[in-house]
2 protein chains.
Amino acid sequence: MKTKEQSAEALPLNTILDGDCIEVMNSLPAGSVDLIFADPPYNLQLKGELHRPDNSRVDAVDDDWDQFSSFKAYDKFTRAWLKAARRLLKPDGAIWVIGSYHNIFRVGTALQDQGFWILNDVVWRKSNPMPNFRGKRFTNAHETMIWAGRGEASKYTFNYEALKALNEGIQMRSDWVLPICTGHERLKDENGEKAHPTQKPESLLHRVLVGATNPGDVILDPFFGTGTTGAVAKMLGRDFIGIEREAAYRRVAEKRISKVRRFDRAALQVSASKRAEPRVPFGQLVERGMLRPGEELTSMNKRHKAKVRADGTLVGDDVKGSIHQVGAALEGAPSCNGWTYWCFRRDGKTVPIDVLRQQIRSEMTS
Amino acid sequence: MKTKEQSAEALPLNTILDGDCIEVMNSLPAGSVDLIFADPPYNLQLKGELHRPDNSRVDAVDDDWDQFSSFKAYDKFTRAWLKAARRLLKPDGAIWVIGSYHNIFRVGTALQDQGFWILNDVVWRKSNPMPNFRGKRFTNAHETMIWAGRGEASKYTFNYEALKALNEGIQMRSDWVLPICTGHERLKDENGEKAHPTQKPESLLHRVLVGATNPGDVILDPFFGTGTTGAVAKMLGRDFIGIEREAAYRRVAEKRISKVRRFDRAALQVSASKRAEPRVPFGQLVERGMLRPGEELTSMNKRHKAKVRADGTLVGDDVKGSIHQVGAALEGAPSCNGWTYWCFRRDGKTVPIDVLRQQIRSEMTS
DNA sequence: AATTGTAATGAATCACGAT
DNA sequence: AATCGTGATTCATTACAAT
């Protein structure tokens with residue numbers, strides 16, 4: 001019998017697997033991966049590969065048989081790899097897929113049809129895109145990423161505070177301005193040509209992985225290419241699994257990742273959410289004598305008062321209950337955070353009771 | 001026999017038609033419309049109520065017209081109206097459809113399947129979107145428009161130079177930064193409430209119509225709402241046909257459009273406004289690899305040191321936070337400009353991090 | 001009259017653990 | 001499975017009142 005630990009150990013962590021991504025994914029244990037990042041091909045030139053049954057010439061004006069057929073083939077491919085990907089994800093896992101208008105609508109539809117739950121579409125706004133030389137359309141200055149949970153109920157990872165910190169204290173938006181991959185970062189092959197036509201910038205993966213994974217998470221990239229996902233995962237102290245069928249890309253990726261150094265443990269620490277902090281019952285403040293039964297609390301806006309009781313509940317005008325319930329009732333609000341709503345008096349000053357909670361929490365950690 | 005001119009004259013130009021858009025479109029002559037702009041229901045699937053952190057309730061889009069039982073039902077509806085729309089278009093006609101991640105992938109797939117030829121996806125980046133109040137996802141800060149020709153061979157209209165002029169002489173990109181519709185532009189009903197939950201800004205339609213139509217063109221909007229498309233078409237000397245089944249919306253739109261005056265040619269010249277220098281989050285320096293997590297920064301006066309973390313915060317002696325917060329704390333100052341306070345080392349020299357910010361800014365403007 | 005402060009609001013798939 | 005209680009969470013802009 002396989003135990004959980006054995007399955008986990010069986011994962012080929014931090015390696016690049018050779019082969020067709022669907023077959024390889026199906027050979028790995030189900031429910032073992034935290035995040036999938038996928039940059040699937042969108043320029044499958046199926047027109048050339050698919051042949052019309054009777055070999056007749058296509059009238060370009062009003063015959064869309066060709067494109068229809070190629071979309072069908074692309075959909076089949078997309079649904080197959082997404083199905084294999086979904087099987088691999090842990091119940092609370094999530095997926096990111098990047099694409100352009102050529103393929104992203106097919107991908108999004110397939111994701112929704114297969115039960116993934118879209119969380120955001122994120123636009124990568126390129127600060128230095130290639131111009132439209134013929135002046136017949138808009139400069140194609142962005143690509144689209146879809147972020148989706150494995151299912152509607154998945155408790156996906158989202159490091160809200162870390163992303164907010166990355167954005168100078170303002171909530172991170174669904175449009176990201178980042179340059180395309182150029183200069184030293186752009187990998188070259190033996191001939192000095194670019195090693196991969198669509199190498200993604202590490203900055204993009206940095207933001208995805210800081211925001212949607214934690215250190216130690218397993219990230220799978222089924223279209224590994226030259227390994228941007230693996231390189232950034234390694235820097236950030238995450239584990240990766242790459243799948244790539246082109247030997248030339250694997251070679252470049254191996255070499256690249258071997259040179260990457262993991263950041264210090266301290267540097268990987270990221271601003272944490274308050275939700276993760278330990279819960280402190282209000283009653284503990286009374287038990288510890290930080291507040292005394294009978295003591296009067298005042299609301300932040302000074303409009304209401306309530307008295308502390310021995311069991312850690314409050315009594316106000318015609319209401320009693322928890323600090324939250326009494327606050328909500330007095331304000332006529334659907335809810336209320338009693339910790340920040342109520343204040344007590346010490347040495348002539350009015351202080352939020354949350355200060356006392358912080359005091360207890362700091363004692364807990366030290 | 002009907003001549004071309006008679007068909008054209010038979011069109012109910014510059015009127016708002018009452019009824020189901022599919023039936024109405026099928027009653028109009030085929031191949032008679034230059035451009036279709038469509039803002040279909042997005043099929044939002046909202047669960048409970050949502051409150052802002054100040055406990056005020058968010059007025060959600062919960063109208064009947066946005067309710068569909070399933071993706072299948074939504075697809076059926078989408079394919080039906082797109083088919084009717086395609087029949088109406090002239091051979092060289094084009095369509096714009098706007099949506100969000102809830103529906104746009106279904107729309108894009110349907111467009112491609114029906115033989116429309118996607119020319120660009122254009123991202124409307126909202127300068128003032130509603131935040132994500134629970135901190136569980138990215139701020140939903142954009143919507144997506146798909147621009148497609150009737151078919152692959154359609155010789156669609158694209159006023160390249162006009163758009164370039166609108167964009168201060170630089171080729172127009174596929175991402176447009178425009179504010180949402182508020183203030184005086186936002187139409188109110190008799191009770192002073194917003195007349196329509198999803199009124200689009202005129203600036204958006206202005207750019208679409210200047211770019212994708214010529215004066216005298218016929219523009220059809222099958223989900224007319226309060227008539228932004230009609231109002232902007234009239235201003236710009238284009239003809240419109242609106243279809244709207246809600247009498248209340250039609251009334252507001254009629255009144256609105258009657259007040260619109262067509263622009264003088266001279267008035268169409270847009271004056272360009274200078275922008276303030278773009279804000280660059282410090283985190284972007286880390287994401288882009290200009291500074292590495294774990295790297296040490298030194299204060300300008302060399303008295304203090306701090307280390308960079310992966311989320312763009314700093315850690316110094318007993319302090320962590322933004323470059324500004326840590327600088328202020330270490331100096332015991334009320335505030336501190338971290339950009340000019342902190343320095344890094346490169347090639348044996350100590351350089352203020354502001355140099356890196358300038359580098360990013362120059363990339364953004366070039 | 002000009003400035004400052006306060007309230008309102010926008011296409012939103014917006015919590016989670018204990019019982 | 002469903003319910004209940006705790007308590008975490010917002011940015012840009014406009015409108016209007018107060019100073």
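This is a predicted model, so every value here is computed, not measured. Convention: sequence-line order gives letters A, B, ...; per-chain numbering from 1.
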Are any side-chain N or O atoms of [X] and backbone N or O atoms of [Y], one a donor and one an acceptor, separated by less than 3.5 Å?
X	Y	answer
B:N128	B:I180	yes
B:D75	B:R79	no
B:R256	B:T226	yes

The side chain of [X] lies closest to which of these nucleotides: [options]?
X	options	result
B:L50	C:dG10, C:dA11, C:dA12	C:dA12
A:W339	D:dT10, D:dG7, C:dA11	D:dG7
A:Q171	C:dC14, D:dT10, D:dA8	D:dT10
B:F133	C:dT9, C:dC14, D:dA8	C:dC14
B:K194	C:dA12, C:dT9, C:dG10	C:dG10
A:K155	C:dA11, C:dC16, C:dA12	C:dC16
A:I170	C:dG17, D:dA12, C:dC14	D:dA12
A:R275	C:dA12, C:dA11, C:dA15	C:dA15
B:N132	C:dC14, D:dG7, D:dT9	C:dC14

What nucleic acid atoms does [X] come within less than 4.0 Å of, heavy atoms only: base, sugar-phosphate, or nothing?
X	result
A:C336	base
A:N120	nothing
A:R357	sugar-phosphate
A:E161	sugar-phosphate
A:P334	nothing
B:G48	base
B:E143	base
B:R137	base
A:I118	base
A:K164	sugar-phosphate

Kindly give the heavy-atom pair with the smallest separation between A:F105 and B:I104, and that separation in Å.
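Heavy atoms of A:F105 and B:I104 come nearest at CD2-O, 3.7 Å.
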
Any donor-acceptor pair under 3.5 Å between the side chain of B:T182 and the base of D:dA12?
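Result: no qualifying N/O pair found.
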
Side chain B:K136 and base C:dA12 donor-acceptor under 3.5 Å:
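By the distance-only test, no, there is no pair.
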
When you measure from the side-chain N and O atoms of [X] to the phosphate of [N], is any distance below 4.0 Å, counting only OP1 and OP2?
X	N	result
A:Y341	D:dA8	no
A:S322	D:dT6	yes
A:H324	D:dG7	yes
B:R134	D:dA8	no
A:K274	D:dG7	no

Sub-4.0 Å heavy-atom contacts from residues 121-130 of chain B onto DNA chain C, ordered by number:
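Heavy-atom contacts with DNA chain C come from B:N128, B:P129, B:M130.
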
Is there a residue in residues 60-71 of chain B whose heavy atoms reach under 4.0 Å of DNA chain C, and which residues are they?
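Contacting residues: B:A60, B:V61, B:W65, B:D66.
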
For residues [X] and [Y], is any side-chain donor paired with an opposing acceptor at under 3.5 Å?
X	Y	answer
B:S56	B:R52	yes
A:R309	A:T313	yes
B:D62	B:Q67	no
B:R106	A:Q112	yes

Value rounded to 0.5 Å, distance of OG in B:S335 from NE2 in B:H324
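B:S335 atom OG to B:H324 atom NE2 measures 10.5 Å (nearest 0.5 Å).
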
Both conditions, 6.0 Å and 45 degrees, for the charged tip of B:R125 above the ring of B:W176: are they met here?
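Negative - B:R125 is either too far from the ring of B:W176 or too far off its axis.
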
Stem list for DNA chain C, please, built from Watson-Crick and G-U wobble pairs under 3.5 Å and keeping only runs of at least 3.
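For DNA chain C the paired stretches long enough to count as stems (3 pairs minimum) are C:2-10 with D:11-19, C:15-19 with D:2-6.
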
Please work out which of the three classes, parallel, tilted or perpendicular, describes the rings of A:F158 and A:W147, given edges at 30° and 60°.
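Taking A:F158 first and then A:W147, their aromatic rings sit tilted (interplane angle of 30° to 60°).
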
Given DNA chain D, 5'-ward residue of the pair A:N337 and B:T139, judged by closest heavy atom:
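Per heavy-atom nearest nucleotide, the more 5' residue is A:N337.
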
Between B:R52 and B:G183, which is nearer to the 5' end of DNA chain D once each is assigned its nearest nucleotide?
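Per heavy-atom nearest nucleotide, the more 5' residue is B:R52.
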
